[in-house]
Amino acid sequence: MPIVWAGEVTPKMKASAFAYARATSVANALELLTAHGEKAKVLSGGQSLLPAMNLRLIAPELVVDISELAELRGVVVKGGVLTIGALTRHVDLLKSPEIAAHAPLLRDAVTHVAHPAIRNRGTIGGSLAQADPASELPACMLTLGATIVVCGPSGERRIAANQFFAGIYETALTPQELLVAVELPVIPKSSTHFFHEFARRHGDYAIVGLAAQALVKDGQFADLRLGFFAVGDRPLLAKSAGKLVDVAVTPAVLAEASSALNDELDPLEDQQATPTMRRHLAKVLLTRCVSSLLARPDLCTGASA
Amino acid sequence: MTSARANSETLSALDRPNSYIGKTVPRPNLDRLMQGRGLYVSDIELPRMAHVVFLRSPHAHAKINGIEASTAKQMPGVIAVVSGRELSTVITPWVGVLSHLKGLKSAPQSAIAVDRVCWQGEAVAAVVASSRAQAEDAAELVSIEYEELDAVTDMRTALDPATAVIHASLGDNLAFERNHDAGAVDQAFAESDEVVEADFVFGRHTGVTLEPRAVVADWNAAEARLTIYQGTQAPHMVQNIAALHLGLKESQVRVVCKDVGGSFGIKVHIYADEMATYALSKLLRRPVKFVADRVESFNTDIHARDHRCKGKIGVNRDGTITAFEIDDLTGIGPYSMYPRTSAIEANQVVNLVGGPYATRNYRARARVVFQNKNVMCQYRAVGHPIACSVTEGLVDLAAMKIGMDPIEIRRRNLISDNAYPCASPSGLRFEQLSHHAALAKLIGMMDYDALRAEQVALRTRNIHRGIGIASFIEVTNPSAAFYGVGGAKISSQDGVAVRLDAQGSVICQTSITEQGQGSESLTAQIVGSVLGVSMDRVRVILGDTDNTPYGGGTWASRGAGIGGEAALQATKVLRKNILDVAAAILQAAPGELDIVNNAVVNAVDSTPRIELSELARIVYFRPDTLPPGIQAELMATRHFVPREYPFAFTNGVQASWLEVDIDTGFIKLLKHWVVEDCGTIINPQLVDEQIRGGVVQGLGAALFEKCVYDERGQLTNANMADYLVPMSGEMPDIDVGHVVSPTMESELGAKGAGEAGTAGAAAAVTNAVNDALRPFGTIITEIPLTPQVVLTALGRI
Ligand SMILES: Cc1cc2nc3c(=O)[nH]c(=O)nc-3n(C[C@H](O)[C@H](O)[C@H](O)COP(=O)(O)OP(=O)(O)OC[C@H]3O[C@@H](n4cnc5c(N)ncnc54)[C@H](O)[C@@H]3O)c2cc1C
């Protein structure tokens with residue numbers, strides 16, 4: 001999401017003065033957050049936090065650097081659950097064999113997140129906590145039915161992804177809480193996925209994007225989850241996907257789903273697109289996604305929403 | 001390479017054995033830059049240096065009713081908070097006009113606004129502190145009371161009687177108007193088989209240099225001298241202007257220009273905040289550093305283009321173009337920039353439209369209006385992309401109208417390669433161009449017929465690709481006709497001094513500057529080749545008014561053509577001087593000797609006679625052993641300026657091959673070709689990269705770049721997330737070919753190559769998009785070609 005400038009043009013490239021603490025453990029981090037509340041900010045990869053501070057869009061009094069907490073890094077598969085530590089970097093998702101095997105959607109999604117230099121530092125926890133509506137990973141969490149694991153002064157909370165994102169840069173996290181991990185159900189072997197976004201340049205935040213996971217049986221969807229992003233103030237798990245499940249998808253069925261999708265969207269206006277254009281592109285994405293997952297090129301020809 | 005015209009009869013100084021001319025050799029400054037040993041202005045730290053942050057107006061047009069800075073002045077590290085009025089005691093205002101642009105008017109502009117701000121981003125006060133962070137902290141505590149005034153933002157209504165006049169003293173918002181009428185335009189249109197019209201719209205955009213503008217100004221009261229460290233393209237121009245407005249002699253101002261992180265014309269101007277920094281240093285008697293941040297750069301680096309141009313073309317069914325007519329309108333912000341003025345771009349548009357073509361009938365009007373937006377001025381390929389897009393867009397529309405292939409209509413109308421010298425209907429004089437040779441070469445490189453067949457085949461699969469062609473001319477090597485005749489103290493000549501040091505190496509001081517284009521390299525290549533020494537023995541010094549000859553610098557594609565010729569001529573003199581001494585030492589005739597591989601040799605059989613190092617030793621340390629009456633002069637200086645032609649025009653043609661996704665409006669660039677003719681090529685790789693870099697800047701304009709203002713004059717996308725610069729991921733491969741027609745104005749024969757890429761790239765892309773969209777019966781004549789624009793044209797949204 002673009003930064004909004006309200007006439008402000010006086011130079012800002014150095015952050016306001018702030019105190020810095022390197023957390024020694026999750027418990028230590030939580031102590032610091034409890035003590036300083038809204039005046040503190042957690043630092044993970046710093047790829048969103050530090051630019052915002054240097055532009056003086058935010059001026060925390062204390063930065064709690066958790067980036068050295070090894071306990072929060074890494075990907076583990078156990079009992080049908082894939083657990084990804086909050087400090088797992090975008091580049092780790094890209095390279096992890098566990099992710100490739102059990103959540104290939106994430107690997108595809110990450111190739112669209114920023115550029116290699118940013119992916120080398122940016123973390124999944126930071127991305128989800130940042131909750132940029134144009135961000136790839138939050139939408140994937142909805143699609144994959146993730147549980148967000150959070151630690152706070154009163155212990156652990158487990159929040160379903162569809163309850164976590166609350167608006168532009170807003171989540172269910174309180175200032176005292178730390179996002180520690182996400183848990184994803186391991187996808188069935190026969191599951192397929194589709195990830196695509198429209199962005200003006202490689203690495204830009206999407207104008208509209210779609211992260212989809214599906215079970216296809218005999219040319220029909222047995223299950224279809226469509227996680228759209230950049231179509232509103234938070235990622236959207238489209239209910240209209242239901243119209244495509246357990247039916248023979250014809251152009252008419254697709255058109256109906258498309259129109260249902262249109263009703264679900266509440267896109268914003270920014271420099272790159274009007275709401276009308278976002279609606280149009282979301283529908284194009286839906287068509288291309290369905291056509292690709294069902295291997296039905298016929299659904300695409302001339303069918304431009 | 002095709003040589004359109006052989007150079008001279010005999011071998012010149014450039015065709016000597018071991019010549020570096022025409023060879024790709026590594027740039028001598030590469031290692032230094034790659035190892036992080038560059039010295040940019042931001043790297044400079046001086047004792048007692050203070051940092052300035054400018055408070056800038058959030059309003060496009062407002063009265064300044066008060067500046068309250070008492071709390072800010074108490075903040076740690078703060079040295080001063082200075083208003084425009086306070087600063088006006090040390091620096092005078094200026095007016096950006098030139099006498100040869102008849103009727104051009106502008107209002108006095110101050111280093112820091114006094115009483116009134118005229119665009120969002122204009123500086124209102126300066127906060128000077130010991131560190132940048134302290135200055136920013138204090139800036140937050142200055143409160144300024146504004147009273148908003150009506151802002152003039154839409155250039156289309158700027159001249160309406162109902163619109164407010166920005167500078168009452170000027171009477172209206174018209175800065176400049178030029179009318180031109182050649183041949184018999186009305187009659188030509190009346191007699192044409194077809195007449196086609198279109199409105200072309202060009203987005204405002206800017207240069208986005210990687211390194212922002214930056215200045216360290218150091219007033220030394222003891223010496224009564226100001227040293228200015230600045231990333232500028234024209235150090236002597238800066239010296240002149242700073243001295244003029246600070247009440248100093250030029251000898252009291254030294255301008256030092258070390259490494260520069262990109263300029264593209266952005267850094268060839270004098271900006272108010274730079275003037276303010278010089279003045280602050282004088283006022284506070286200490287070094288002051290100003291480094292623009294990115295938002296500030298978007299709001300204050302000059303913008304460019306922002307034209308709306310109506311175009312009209314007449315054509316006969318046999319393809320003959322009968323006439324061109326344009327009516328161009330551009331808005332330049334509240335002041336004409338100093339000292340080059342903001343009328344040059346529109347003036348260039350009038351000069352260049354129709355330039356490649358043979359028709360004699362041409363009418364043009366250009367109007368330049370004031371607005372409450374950031375200032376506009378010259379940026380890479382000034383006026384060329386507008387003129388080229390309008391001309392080439394009209395030519396394609398004409399071809400479409402009569403059902404002729406775009407290549408064929410160009411073949412029938414481009415000025416014939418044998419017609420030179422000749423002049424364009426706007427009066428430009430062409431020495432030798434090669435449009436037809438270039439077009440023929442381009443068609444071969446791109447395999448035009450095969451692409452057309454591929455296009456047809458893909459259409460049946462609902463894939464829509466297009467081919468766009470754009471021929472262009474480029475102004476290079478400007479003489480005094482550009483600025484000097486209008487009264488600006490901007491030199492059109494350049495000078496080079498070369499000397500042999502005591503170990504036989506060469507030190508070369510040149511007045512051209514380096515911002516990454518390879519000025520240092522090409523100078524060393526010329527000096528090394530002409531003298532007969534290896535390049536690693538040549539050290540080039542540039543960018544210091546105390547230590548280089550006087551000259552213009554690097555802009556308007558002039559460095560190689562003008563500075564390069566001065567280097568050639570100076571080195572020829574040094575060579576002669578060396579051979580004279582060698583002859584005396586060796587008791588030979590100078591004509592029997594030559595210099596090859598750092599040694600004096602026999603001209604006939606290259607037998608080594610004396611190493612240059614040995615010769616230098618004798619000259620400098622044992623002159624007593626030289627024959628009586630011999631005084632060696634191992635330093636030589638020459639200057640050069642073109643005198644016969646006001647400009648050395650170059651020409652070329654570009655082609656774009658792209659695909660339009662008609663569902664999404666996204667455009668994928670598949671391939672780009674350029675054939676250009678810059679005369680003698682000194683370093684093929686440097687030329688090709690200049691072309692490619694220029695093309696990329698043109699592709700940015702075509703698809704991505706636009707400064708978006710709202711109706712209140714607020715720039716809404718002043719950051720790198722919203723203002724999209726072209727990035728490598730979206731760029732196609734760019735194939736570059738050459739035709740070589742050297743200019744006879746110089747022995748070197750080089751013309752410029754810095755702007756050719758930018759001149760034609762957007763036109764080629766727009767023509768290709770319209771070619772791809774042919775089945776949909778829509779024509780787009782607006783850039784940038786965003787998905788929103790394409791989908792709207794297709795009626796999809
Ligand atoms: C040029 C550029 C392009 C980018 N493009 C994209 C893109 O296309 N798509 C995309 O998704 N992202 C993009 N990003 C953002 C990038 O992905 C960031 O890495 C991500 O948004 C934040 O991750 P981080 O680890 O850097 O978090 P940080 O910057 O360290 O923190 C971000 C925010 O989250 C909070 N936070 C961080 N970790 C936690 C935690 N464990 N618990 C609670 N709160 C926490 C911080 O306090 C802060 O408010 C881009 C960034 C840049 C600079």
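- Using a 4.5 Å cut-off between heavy atoms, B:Phe704 contacts chain A through both its backbone and its side chain.
- Residues A:Ser135 and A:Gln130 bring no donor and acceptor atom of their side chains to less than 3.5 Å of each other.
- Between the side chain of A:Asp266 and the main chain of A:Val231, no donor-acceptor pair closer than 3.5 Å is present.
- Interface residue B:Phe54: only backbone heavy atoms are found under 4.5 Å from chain A.
- Listed by first then second residue, pairs satisfying salt bridge (charged side-chain N to carboxylate O under 4.0 Å, His left out) with a partner in residues 709-720 of chain B read B:Glu148-B:Arg712, not counting sequence neighbours.
- Of the atoms belonging to A:Arg288, it is side-chain heavy atoms, and not backbone ones, that fall under 4.5 Å from chain B.
- Contact annotation for residues 128-138 of chain B against chain A (heavy-atom separation below 4.5 Å, listed by residue number): B:Arg132, B:Ala133, B:Glu136, B:Asp137.
- No side-chain N or O of A:Asn262 forms a donor-acceptor pair with one of A:Ser259 less than 3.5 Å apart.
- Looking at B:Leu791, the atoms closer than 4.5 Å to chain A (heavy atoms on both sides) all sit in the side chain, from C-beta outward.
- At a 4.5 Å heavy-atom cutoff, the contact between B:Val291 and chain A is made by backbone and side-chain atoms alike.
- For A:Ala199, the part sitting under 4.5 Å from any heavy atom of chain B is the backbone (N, CA, C, O) and nothing else.
- Ring geometry for A:His112 versus A:His196: interplanar angle over 60°, hence perpendicular rather than tilted (30 to 60°).
- Proximity to chain A (any heavy atom under 4.5 Å) is shown, for B:Val127, by neither the backbone nor the side chain.
- The candidate from B:Val708, B:Val53, B:Leu724 with the greatest count of non-hydrogen atom pairs under 4.5 Å with chain A is B:Leu724.
- With a 4.5 angstrom heavy-atom cutoff, B:Met731 does not touch chain A via any of its atoms.
- Using a 30° and 60° split on the angle between ring planes, B:Phe298 and B:Tyr723 fall in the tilted class, from 30° to 60°.
- For A:Arg89 (side chain) and A:Arg119 (main-chain N/O), no donor-acceptor pair under 3.5 Å exists by modelled atom type.
- For the 3.5 Å distance criterion, the side chains of B:Gln120 and B:Ser57 fail to qualify, holding no donor opposite an acceptor.
- For the pair B:Leu703/B:Leu669, a side-chain contact is recorded, criterion being any heavy-atom separation below 4.5 Å from C-beta on.
- Although no hydrogens or angles enter the test, the distance criterion places no donor-acceptor pair under 3.5 Å between the side chain of B:Lys63 and the main chain of B:Leu149.
- Contact of A:Leu285 with chain B is not made at all, since no heavy-atom distance falls under 4.5 Å.
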